[in-house]
Amino acid sequence: MKAIAVSPGYAHGKVFILQDEVNWNNISLQTNDVPGEVSKFNLAIQKSAAEIKELILQFKGSNQKDQADIFEAHALMIEDPEVLEQTIGLVQTQAMSAAWAYKKTSDGYAQMLAALDDEYLKERAADVRDIAGRVLKHLLGKAQENLKELPLGSILVARDITPSQISLLDAKQVGVSVMGIITEMGGKTSHTAIIARALEIPSVAGVQGILEQVENGTEILFDGVTGQIKIQPTLEDIKDFNFKKNQFEAQKKDLLSFRRLKSETHDKRTVRLAANIGGVSDVFSLISNDAEAVGLYRTEFVFLDRNRVPSQEEQFQIYREVFEKLGERHCIIRTLDIGGDKQLEGLSMDQELNPFLGLRGVRLCLREQNIFKDQLKAILRAAVGHSVGIMVPMISNIEEILETKKIIKECQSELRACGQKFSEGFKFGVMIEVPSAAMIVDFISRHVDFISIGTNDLTQYICAVDRLNDKVEKLYNPYNPGFLRTMNSILSAARKNNLHVGICGSLAHEEFLVPLFIGMGVDELSMTSQHILQTRKLVRSLNYQDCQKLVEEVLQLETSAEIKAKIQAGKSKEKA
């Protein structure tokens, strides 16, 4: 079977099925005592909140900051007044049981998140379900799972494993009673995956049907690097598994030697390796993987993890905490990138036939200026004393840049009038992800301090391919000559105008494309933290002049196949 690899490593053991104790379908809908149900619900929230706070203290006490940060987010979410008011409203107006009303409310919220295109935000639906499961267990009188007494050599298999469940494990169990985790749901950016990586538990997800093919005690092994799973493995499978596991451990040890080394080529071309983050819970991984900066701080989750638009003060507290935890590291924070495909509660947004070409990013912010100004003010206030770049997404013309800069000046004037401290030393930049912007980088350079190329959307727009449409998926191709020529044009214009340029899309760590980007003159590559050390090792193996020659040769080729073959041949020659 094939899975999504979410936490690297190799696991071999026997299946232990983790049952979902809350049966959503059997929750009673009957209640005759509305005041009693409301009191029961409030008590369940209080007990759940107390448990979460206890987990935060526990993880902080053992210096496990990433786990503590995840549950600090849960602590905020469980007390969301909109969720509480909606649940109590259903109990009072429709005589629903508290359990069913809370299930209905939390399900709607989770479904909204799960329907989003952004993978990081989509995975936050699991956090909502985790919190709901905790509260519902109190409402239904269900006991908490005991994962401290698992059989030796267990591989946990479940429909899904929540952060609350995985937090019950400890480091002493890894490699002894817990060898790995397999789930039918989930992905790389889930908080469960983050905790699994922190505990170094090999994990794979998205394995539809696994629960139908195994039972407790079934022998199983999996490769947490490629996602390959073997049920009832043969002796040959086990031999191959052990060989790969030994190789992986040696490579892991080798990568650790690249911490605190410079990210530079043999001939001293330096490239800053930064991380993409979605919130404070990602900062621990960034630090442990030795990222030099934040190249993309997505702020969408601040807006989508609640049923209303967050206030300026709420945003200020969230952004300030992230900046403080980053210390002296530079952080590029992206303003709200939400569109017709990502519905924002509390804001009337029409459904669009083609949301990727519709009201999203800066287009929405310039229309909803009250929301935009609140966010900008929160960022400006939080940035005091920190190295921060404010980046605006979905720019397609100079007018949008000028209007945004005008709004920022208005925000500064209003903050000054109120006596609020704010940063005046921030950098201002834009994302290049729209073809029209890619063609005028020379003009854009007159108005910004930096640009960052969003390769996901730029590939989609250059190739005219919906990257979520499996019928044309093969045409979504970063080796397309038109896309690579566009990338070279952007970077060439940036170099001529002394403009700092980064790449923050998913291609920033691709082994065969990094040499091209370096040859084109990129200043920064921003990626998920787990790819930092591997990319640093790659950068240090390269020669800038050789990368430039490779770019010249590749740009003369006509087809994607030729380009791929050329790059791979060069890589094979280098390895030899």
Side-chain angles (χ1 to χ4, degrees), residues 3-9 65-67 69-70 73 116-124 126-127 163 186-206 224-227 251-252 255-256 258-259 263 271-301 322 325-326 329-334 337 391 431 452-457 459 467 478 502-514 517 522 524-539:
I4 301 168
V6 299
S7 181
K65 293 182 180 178
D66 55 341
Q67 288 96 320
D69 290 340
I70 288 168
L116 300 177
D117 172 41
D118 188 294
E119 196 61 31
Y120 179 88
L121 296 170
K122 185 182 293 186
E123 291 293 354
R124 299 291 71 78
D127 294 299
K188 291 183 180 181
T189 57
S190 70
H191 278 158
T192 298
I194 291 169
I195 297 177
R197 289 193 289 269
L199 292 173
E200 297 189 0
I201 304 174
S203 304
V204 293
V225 177
T226 66
Q251 290 169 356
K252 185 177 174 182
L255 284 182
L256 290 176
F258 286 87
R259 284 178 56 85
S263 303
V271 179
R272 185 163 70 185
L273 298 186
N276 300 335
I277 66 172
V280 72
S281 62
D282 296 325
V283 176
F284 177 81
S285 178
L286 175 152
I287 294 171
S288 63
N289 284 284
D290 199 32
E292 298 156 24
V294 171
L296 172 62
Y297 173 11
R298 301 180 179 96
T299 59
E300 288 73 57
F301 186 44
V322 171
K325 285 184 180 294
L326 289 172
R329 289 177 176 83
H330 183 66
C331 178
I332 294 176
I333 181 170
R334 183 175 70 186
D337 188 12
M391 180 166 69
M431 287 192 74
S452 188
I453 306 171
T455 55
N456 296 347
D457 272 329
T459 306
R467 54 194 167 102
I503 294 174
C504 63
S506 60
L507 302 182
H509 68 270
E510 287 294 323
E511 180 184 10
F512 295 123
L513 292 175
V514 167
F517 297 151
V522 72
E524 176 179 285
L525 295 169
S526 189
M527 61 204 73
T528 52
S529 299
Q530 288 71 33
H531 296 292
I532 294 286
L533 294 176
Q534 183 66 52
T535 305
R536 180 172 295 148
K537 180 180 179 180
L538 172 59
V539 170

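Not measured: the values here are computed from a predicted model.
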> Would a distance-only check, ignoring hydrogens and angles, find a side-chain to backbone donor-acceptor pair under 3.5 Å from R536 to A291?
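Flag not set: sc R536 to bb A291 has no pair under 3.5 Å.
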
> Take V294 and R329 through the test side-chain contact (heavy atoms from CB on, under 4.5 Å) and record every step on the way to the result.
CA-CA 7 Å; V294 171; R329 289 177 176 83; 5.9 Å; no

> Is there a donor-acceptor pair closer than 3.5 Å between any side-chain N or O of T299 and the backbone N or O of R334?
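Side chain of T299 to backbone of R334: a pair is present.
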
> Determine, stepwise, if the pair L533 / R259 fulfils side-chain contact (heavy atoms from CB on, under 4.5 Å).
CA-CA 7 Å; L533 294 176; R259 284 178 56 85; 3.9 Å; yes

> With sequence neighbours excluded, what pairs up with S506 under the side-chain contact (heavy atoms from CB on, under 4.5 Å) test?
N456

> Measure the shortest side-chain to side-chain distance between S452 and C504 over non-hydrogen atoms and say whether it is less than 4.5 angstrom.
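With C-beta onward as the side chain, the pair touches.
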
> Would you say the side-chain atoms of E292 pair up with the backbone N or O of A274, donor to acceptor, closer than 3.5 Å?
no

> Will you find, in the side chains of N276 and S526, an N or O donor that is under 3.5 Å from an N or O acceptor?
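The criterion, which ignores hydrogens and geometry beyond distance, is satisfied for S526 and N276.
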
> Looking at residues at least two apart in the chain, or sitting in another chain, which of them share a side chain to side chain donor-acceptor pair (under 3.5 Å) with T459?
none

> Which residues satisfy the ring pair (Phe, Tyr, Trp, His ring centres under 6.0 Å) test with H531, sequence neighbours excluded?
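H531: ring pair (Phe, Tyr, Trp, His ring centres under 6.0 Å) contacts with H509.
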
> Name all residues meeting the side chain to side chain donor-acceptor pair (under 3.5 Å) criterion together with T455; count only those two or more places apart in sequence or in a different chain, and write none if there are none.
none

> Should I332 and Y297 be marked as a side-chain contact (heavy atoms from CB on, under 4.5 Å) after you check the CA-CA gap, both sets of side-chain angles, and the distance that decides it?
CA-CA 6 Å; I332 294 176; Y297 173 11; over 6 Å; no

> Using the test salt bridge (charged side-chain N to carboxylate O under 4.0 Å, His left out), find all partners of E510 that sit at least two apart in sequence or belong to another chain.
none

> Can you sort out the partners of Q251 under side chain to side chain donor-acceptor pair (under 3.5 Å), two or more places apart, ordered by chain and number?
none

> List the residues meeting side-chain contact (heavy atoms from CB on, under 4.5 Å) with S529, not counting sequence neighbours, and say none if there are none.
A275, S285, L286, N289

> Checking R272 now: which residues fulfil side chain to side chain donor-acceptor pair (under 3.5 Å) with it, not counting sequence neighbours?
E524

> Holding to side-chain contact (heavy atoms from CB on, under 4.5 Å), I want the full list of residues that pass it with Q534, two or more places apart in sequence or in another chain.
L255, K537

> Take F517 and L507 through the side-chain contact (heavy atoms from CB on, under 4.5 Å) test and state the conclusion after the steps.
CA-CA 10 Å; F517 297 151; L507 302 182; 4.1 Å; yes

